[in-house]
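So the structure is just underneath, and the comments pick up after that.
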Amino acid sequence: MIRVQREDFDPGHEIAALTRGRSDIGGVVSFIGLVREMAGAEKIKAMTLEHYPGMTERALEAIEAEAKQRWPLDAVLIVHRYGELKPGDRIVLVITASAHRDAAFDACRFLIDWLKTQAPFWKLEDTESGPRWVEAKDSDDQAAARWKAD
Amino acid sequence: MIRVQREDFDPGHEIAALTRGRSDIGGVVSFIGLVREMAGAEKIKAMTLEHYPGMTERALEAIEAEAKQRWPLDAVLIVHRYGELKPGDRIVLVITASAHRDAAFDACRFLIDWLKTQAPFWKLEDTESGPRWVEAKDSDDQAAARWKAD
Amino acid sequence: MKLLYFATLRQKIGTAEENLDPPGSVATVAQLVDWLKTRGPNYAAALSNPKLVRVAVNREYVGYAHGVAPGDEVALFPPVTGG
Amino acid sequence: MKLLYFATLRQKIGTAEENLDPPGSVATVAQLVDWLKTRGPNYAAALSNPKLVRVAVNREYVGYAHGVAPGDEVALFPPVTGG
């Protein structure tokens, strides 16, 4: 399941909803991405996440489908926010549930790695020296690339 | 931080408590282990977790210290339950928080892998054909061993 | 053809969205980008470095060799930075 | 010396805890385990396979060569299955 929303989310609520009434799930892995106050040496006051409505949902659904094909997953949830966020705010939540913890860990990491390089979001940081678009990181491309060798 | 307790825990509450007021954490990874109803081909009615009070805490603290030495972590929480549990119940929670998601993922996985092979807990399953001690799995030893090659 | 621009490209070009009728010789993404660059220095600046221009046609990622047709929704944007 | 037994070992030996005074010749974990096996068929059965007996002295994992002394807390248990 995927959701793209302006509002905050409640990780505990989402984890509980995904596992409620299930007794076949052995492990649940979750990743929560937060806005960091320091962007390199600069302090940020706020961050605005722009996205491509319509395509974002499609891209996240495609990534979810890919994970489900690669690993035996009982449940998947991706929630990604857009709009204005402050340091410490939650940006993204990825939850994977599986009978086996290795599958849940691998799939969760794959999802966040792919999401960082495939989902059409762009971060604009409001720093003390003015607004600045975040540049894509080579390290994220490398993180995503490691899943291609499989 | 580590806790060994009979009572259930609230993953959302624990994640929120660990990150509240912090704006230096980029990623939070959590693992929740649950009681599965099927143990191989057999259905289990309940599970009793025995442990070694006093040593359990020491072992978990040692594992936590090891993780903090290996990865740049902002926060770690391990909560492990003992006593009688039912299928679907939560057994263990591991949370790692770091400025960088790779560190949080690696550390969380390391912690659960080590915990499975180092923390003095023993599972007694109450199956339809009677009580049965769970046997240690080779796959868990292998999972723990992968961290030694580093 | 509906053109969408995001992030830096939107700011440099000065609009988020426009409807354009490229000449009939524009049949691929590469030809579309080349044609857009002739529309003004803002386009030329935004699209100068192909490494920093990603393309989606009808909401799917495509390469520069991909075809474009009059009814398409074509989005141009920099490498993504979500997550 | 305080002896603790957990899980299958506790069930096979029939007690969770006992205070014992091994003879002076028992100076290592290996010697302690060998001596315990002479205490009865329940001990012998519980401790027969060294692969299934883990040892902690004073709440730290140790190997069979580790020393034991009269005041120690020595725990014997099967491979752990938590998490």
Side-chain angles (χ1 to χ4, degrees), chain A residues 2 4 31-36 39 47-63 78-83 85 90-94 108-125 130-141 143-144, chain C residues 1-20 28-30 32-33 36-37 41-83:
Chain A
I2 68 109
V4 181
F31 175 82
I32 301 161
L34 304 163
V35 180
R36 273 194 287 166
M47 171 185 282
T48 305
L49 263 159
E50 181 173 334
H51 79 121
Y52 179 178
M55 180 169 171
T56 312
E57 291 80 357
R58 281 178 79 147
L60 293 183
E61 277 163 7
I63 295 169
I78 305 171
V79 184
H80 204 302
R81 295 176 69 190
Y82 62 88
L85 302 171
R90 287 179 275 259
I91 306 173
V92 62
L93 172 68
V94 178
C108 189
R109 201 160 178 170
F110 164 83
L111 285 164
I112 186 68
D113 283 348
W114 267 43
L115 201 149
K116 289 219 171 226
T117 57
Q118 301 288 318
F121 287 95
W122 301 273
K123 287 175 181 149
L124 178 65
E125 290 173 344
R132 189 180 57 187
W133 289 98
V134 172
E135 284 178 28
K137 280 187 280 184
D138 283 346
S139 61
D140 284 332
D141 288 334
Chain C
M1 188 180 297
K2 186 175 174 183
L3 275 291
L4 301 175
Y5 312 112
F6 292 95
T8 41
L9 268 62
R10 172 176 56 72
Q11 287 196 321
K12 285 180 184 165
I13 291 172
T15 186
E17 185 176 334
E18 58 187 339
N19 285 296
L20 295 176
T28 67
V29 168
L32 176 65
V33 169
L36 284 169
K37 282 195 247 178
N42 51 334
Y43 289 90
L47 304 172
S48 60
N49 186 351
K51 278 191 172 172
L52 298 182
V53 182
R54 297 281 187 275
V55 186
V57 172
N58 299 325
R59 304 180 177 182
E60 299 274 5
Y61 283 103
V62 298
Y64 273 51
H66 194 272
V68 292
D72 285 346
E73 177 178 300
V74 180
L76 304 176
F77 46 80
V80 303
T81 56

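- Across every non-hydrogen atom of C:V80 and A:A136, the tightest pair is O-CB, 3.9 Å.
- A distance of 7.5 Å separates CG of C:N58 from CZ of A:R58, quoted to the nearest 0.5 Å.
- Heavy-atom minimum distance, A:V134 versus C:T81: O-CG2, 3.3 Å.
- Here the closest non-hydrogen pair linking A:M55 and C:A56 is SD-CB, 3.5 Å.
- In this structure, the portion of C:L4 lying under 4.5 Å from any heavy atom of chain A is its side chain and not its backbone.
- One finds the CD atom of A:E135 at 7.5 Å from the CG atom of C:L52 (value rounded to the nearest 0.5 Å).
- Heavy-atom minimum distance, A:Y52 versus C:A75: CE1-CB, 3.3 Å.
- The structure places CZ of C:F77 at 5.0 Å from CH2 of A:W122, a figure rounded to the nearest 0.5 Å.
- Considering only heavy-atom pairs separated by less than 4.5 Å from chain C, the leading option among A:G33, A:A119, A:A59 is A:A119.
- Using a 4.5 Å cut-off between heavy atoms, C:R54 does not touch chain A at all.
- Checked by atom type and distance alone, the side chain of C:Y61 pairs as donor or acceptor with a backbone atom of A:Q118 at under 3.5 Å.
- Counting heavy atoms from C-beta outward, C:R10 and A:E50 have side chains that approach closer than 4.5 Å.
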